[in-house]
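Reviewing the structure listed below.
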Amino acid sequence: MKQKHRIKSKKNLVIIGAQWGDEGKAKMVDVLTEQVDIVARYQGGSNAGHTVVTDGKKFVFHQIPSGILHEGKKCVIGNGVVLDPIGLLEEMGSLVKAGVKVKDRLIISDRAHLLMPYHRLLDGASENRKGSGKIGTTNRGIGPAYMDKMARVGLKVVDLLEPAYFRRKVREVVKEKNFWLKKYFGLPGVDADKTVDAYLKISPQIKPLVADTTAYLESRLKKGENILAEGAQGTLLDVDFGTYPYVTSSSASVGGVCTGLGIGPQWLDEIYGVAKAYTTRVGEGPFPSEMDEDFGEKIRKRGGEYGATTGRPRRCGWLDLVALKYACRVNGFTGILLTKMDVLSYLQTIKLCVAYKVKGQLIQEFPASLRRLADCRPVYKEMKGWQGDLSQASQLKDLPLEARKYLDEVERTIRTPIQWVSVGQDRSQIFQKS
Ligand code: GDP
Ligand code: IMO
Ligand code: MG
């Protein structure tokens with residue numbers, strides 16, 4: 001029997017990073033929140049740094065969905081997220097201070113895993129030990145938290161609400177963590193009871209926010225409300241599809257939406273990939289279209305390319321259409337939201353990476369082997385730059401001809417329509433292309 005529960009007039013949207021993160025997802029989420037009732041994070045944790053700028057005021061979200069600035073909309077932290085409850089309360093506190101109403105608007109999944117202090121310690125220790133072979137993580141404990149989830153020794157939000165069980169379990173887990181911290185990394189261990197006390201102290205503040213979010217989302221969807229699933233990181237940082245091992249530890253691509261929220265794929269209507277008009281990457285790993293140091297620095301300065309979570313300078317490169325086409329495939333993007341077009345103004349020439357050359361061979365597929373990817377040299381198509389400020393553009397017609405040609409060339413190559421074009425940091429600096 002066919003289920004009749006879809007209200008076609010209100011589409012459910014998914015926003016996914018199409019590159020190595022920091023594509024401007026939060027800005028797009030903020031803009032599109034007007035069209036939905038609920039905004040839900042489905043993976044990642046406080047490694048995310050999501051920036052929204054409105055009327056000159058800047059907000060950076062780490063765990064709270066970027067739709068929170070729209071009063072009346074609900075925000076969900078799904079089961080696929082690894083939740084740092086202490087960080088969450090701090091984030092909520094600073095929003096309240098800034099005059100944002102958070103009460104009764106934030107719902108946390110009882111099934112989300114908890115990020116514990118030992119995860120952070122292990123993240124840092126593991127990176128230090130790797131030395132020059134490090135991943136360049138955000139040092140938020142994300143990898144170790146997902147490791148515990150998969151190893152079936154993680155603690156969930158719901159466990160925090162059962163103090164006796166929580167204490168017993170943490171004591172048990174900490175025995176093993178201390179073995180690693182002390183014997184392998186040569187660091188002091190953690191005190192299980194102090195950790196438990198700190199978490200139980202804040203649990204009364206967390207408890208009212210906790211719910212079975214799968215049931216919540218299903219009931220809202222069946223009532224005809226719609227959701228926007230907000231991705232963190234990006235496809236090339238996805239644990240399956242990214243440049244492994246230089247990736248994060250979660251499913252940042254479309255599959256993560258269903259496992260991270262507990263809703264079926266039939267609910268997903270539009271899958272939007274957010275891409276910068278160029279490319280950036282923070283942390284280590286191959287980056288075929290990376291610009292040379294001087295030019296990269298110029299774009300970094302113009303684009304303000306410094307990490308929203310760690311403040312680290314982002315590596316800058318030209319738009320890589322081999323990688324973007326691959327991201328379109330693995331996510332099934334129905335449209336692209338292109339950000340930061342304004343940053344490319346006033347260049348004589350703009351390059352688009354349309355293929356790679358490896359050992360004299362031309363390839364157009366994004367390689368699985370990292371060794372091969374590291375050997376890839378970009379093949380560029382050069383486009384004439386445009387000489388004008390785009391920051392006031394409010395429709396396609398406002399863009400110089402060369403900028404429109406650039407968009408056409410991107411669309412033609414990736415065979416996916418560009419639906420929105422962003423031309424500045426502010427919420428207002430954006431227009432719908434198609
Ligand atoms: P996210 O992690 O994908 O949400 O992106 P981040 O917030 O980490 O980084 C994107 C940065 O680019 C933020 O500082 C945004 O305010 C900024 N940004 C977003 N769209 C545009 C744009 O079209 N032009 C410019 N100049 N900045 C933008
Ligand atoms: P948003 O959501 C950019 C990168 C780190 C590192 C790798 C693994 O703001 O786009 P992790 O701490 O997750 O174990 O680090 O992934 N990384 C990000 N890069 N934007 C992010 O999030 C990122 N989250 C993690 O720099 O290379
Ligand atoms: Mg970011």
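For ligands, and for the atoms within them, numbers begin at 1 and follow the listed sequence.
Here Gly49 reaches the Mg ion (ligand 3): one of its N/O/S atoms is less than 2.8 Å from the metal.
In terms of protein heavy-atom proximity, atom 19 (C) of ligand 1 is closest to Lys27 CD, 4.1 Å. Shortest contact from atom 2 (O) of ligand 1 to any protein heavy atom: Gly49 O, 2.9 Å. Nearest protein heavy-atom neighbour of atom 15 (C) of ligand 1: Gln425 NE2, 3.8 Å. Annotation: atom 23 (C) of ligand 2 to nearest protein heavy atom, Gln233 CG, 3.6 Å. Of the protein's non-hydrogen atoms, the one nearest atom 7 (O) of ligand 1 is Thr51 OG1, 2.5 Å. The protein heavy atom nearest to atom 10 (C) of ligand 1 is Asp22 O, 3.7 Å. When hydrogens are left out, the protein atom nearest atom 6 (C) of ligand 2 is Gly136 O, 3.1 Å; that is the closest non-hydrogen contact. Among protein heavy atoms, the minimum distance from atom 15 (O) of ligand 2 is reached at Thr137 CA, 3.3 Å. Among all non-hydrogen protein atoms, the one lying nearest atom 13 (O) of ligand 2 is Thr248 OG1, 2.6 Å. Of the protein's non-hydrogen atoms, the one nearest atom 20 (N) of ligand 2 is Asp22 OD1, 3.0 Å. Of all protein heavy atoms, the one closest to atom 27 (O) of ligand 2 is Val282 O, 3.1 Å. Shortest contact from atom 18 (N) of ligand 1 to any protein heavy atom: Lys340 CE, 3.7 Å. Closest to atom 9 (O) of ligand 1 among all protein heavy atoms lies Arg314 NH2, 3.4 Å. The protein heavy-atom contact nearest to atom 23 (O) of ligand 1 is Ser422 OG, 2.5 Å. For atom 17 (N) of ligand 2, the nearest protein heavy atom (residue, atom name, distance) is Leu237 CD1, 3.8 Å. Looking from atom 12 (O) of ligand 2 to the surrounding protein, the closest heavy atom is Thr138 OG1, 2.6 Å.
The closest approach between Arg427 and ligand 1 stays at or above 4.0 Å for every heavy atom of the residue. Between Arg314 and ligand 2 there is no heavy-atom distance shorter than 4.0 Å. Not a single heavy atom of Gly304 lies less than 4.0 angstrom from ligand 1. Note on ligand 2: Arg140 sits outside its first shell, no heavy atom being nearer than 4.0 Å. For the pair Gly49 and ligand 2, a heavy-atom separation below 4.0 Å is found.
Using a 4.0 Å cut-off to heavy atoms of Gly283, the atoms of ligand 2 that qualify are 27 (O). Ligand-side atoms of ligand 1 in range of His50: 1 (P), 2 (O), 4 (O), 7 (O), range being under 4.0 angstrom from any heavy atom. Close contacts between ligand 2 and Lys25 involve ligand atoms 1 (P), 2 (O), 10 (O) [criterion: under 4.0 Å to a heavy atom]. Interface atoms of ligand 2 facing Ala232, defined by a heavy-atom separation under 4.0 Å, are 2 (O). Atom numbering of ligand 2 starts at 1 in the shown order; those under 4.0 Å from a heavy atom of His50 are 1 (P), 2 (O), 9 (O). Heavy-atom contacts of Arg312 reach the following atoms of ligand 2: 5 (C), 26 (O) (cutoff under 4.0 Å).
Note on ring orientation: taking the six-membered ring where Trp is involved, the planes of Tyr199 and Phe166 are parallel (angle under 30°, cut-offs 30° and 60°). Relative orientation of the Phe59 and Phe61 rings is parallel, given thresholds of 30° and 60° on the angle between their planes.
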field: Candidate pair Val282 and Arg315, rule side chain to side chain contact (heavy atoms under 4.5 Å, CB included), full reasoning
entry: CA-CA 6 Å; Val282 213; Arg315 297 157 66 190; over 6 Å; no

query: Given Val39 and Val76, is the side chain to side chain contact (heavy atoms under 4.5 Å, CB included) satisfied, shown in steps?
result: CA-CA 6 Å; Val39 181; Val76 168; over 6 Å; no

- prompt: Should Trp20 and Thr279 be marked as a side chain to side chain contact (heavy atoms under 4.5 Å, CB included) after you check the CA-CA gap, both sets of side-chain angles, and the distance that decides it?
  reply: CA-CA 8 Å; Trp20 276 288; Thr279 311; 3.7 Å; yes

Evaluation steps, salt bridge (charged side-chain N to carboxylate O under 4.0 Å, His left out), between Glu305 and Lys340: CA-CA 11 Å; Glu305 297 296 356; Lys340 299 203 140 178; 2.8 Å; yes

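Looking only at atom types and distance, the side chain of Gln63 has no donor-acceptor partner in the side chain of Ser46 under 3.5 Å away. His119 and Asp148 share a side-chain donor-acceptor pair at under 3.5 Å. No side-chain donor-acceptor contact under 3.5 Å links Thr195 and Asp191. For the residue pair Tyr278/Gln19, the side-chain donor-acceptor check at 3.5 Å is not satisfied. A side-chain donor from one of Gln233 and Gln43 sits under 3.5 Å from a side-chain acceptor of the other. With 3.5 Å as the limit, one finds a donor-acceptor pair spanning the side chains of Thr310 and Arg312. A side-chain N or O of Asp123 and one of Thr137 form a donor-acceptor pair less than 3.5 Å apart. In summary, the side chains of Ser345 and Trp386 do present a donor paired with an acceptor at a separation below 3.5 Å, with no hydrogens or angles considered. Remark: the Ser422 side chain and the Gln429 side chain contain no N/O donor-acceptor pair separated by less than 3.5 Å. A donor and an acceptor atom, one from each side chain of Asn47 and Thr309, are nowhere located under 3.5 Å apart.
Looking at Arg281 against ligand 2, nothing comes within 4.0 Å, counting heavy atoms. Residue contacts with ligand 2, taken as heavy atom pairs separated by less than 4.0 Å, involve Trp20 solely via the backbone atoms N, CA, C and O. Contact annotation: for Val247 versus ligand 2, heavy atoms closer than 4.0 Å belong to the backbone alone.
For Gln387 (side chain) and Leu347 (main-chain N/O), a donor-acceptor pair under 3.5 Å exists by modelled atom type.
For Glu23, a nitrogen or oxygen atom sits less than 3.5 Å from a nitrogen or oxygen atom of ligand 1, counting backbone and side chain alike. Note: no N/O pair closer than 3.5 Å links Val53 and ligand 1 by distance alone. For ligand 1, the polar-atom distance check finds an N/O of Gly424 within less than 3.5 Å of one of the ligand's N/O atoms. Checked by distance only, ligand 1 and Ala26 come closer than 3.5 Å through their nitrogen or oxygen atoms. Geometrically, ligand 2 and Asn47 share a nitrogen or oxygen pair separated by less than 3.5 Å. Residue Gly24 has at least one nitrogen or oxygen atom sitting less than 3.5 Å from a nitrogen or oxygen atom of ligand 1, judged on distance alone.
Note on Asp22: its N/O/S atom closest to the Mg ion (ligand 3) is OD1.
If you look at Trp318 and Phe295, their ring centroids are closer than 6.0 Å.
Each of Phe366, Phe333, Tyr356 was scored for a ring pair (Phe, Tyr, Trp, His ring centres under 6.0 Å) with Tyr326, with one residue passing: Phe366.
Counting heavy atoms from C-beta outward, Met28 and Ile430 have side chains that approach closer than 4.5 Å.
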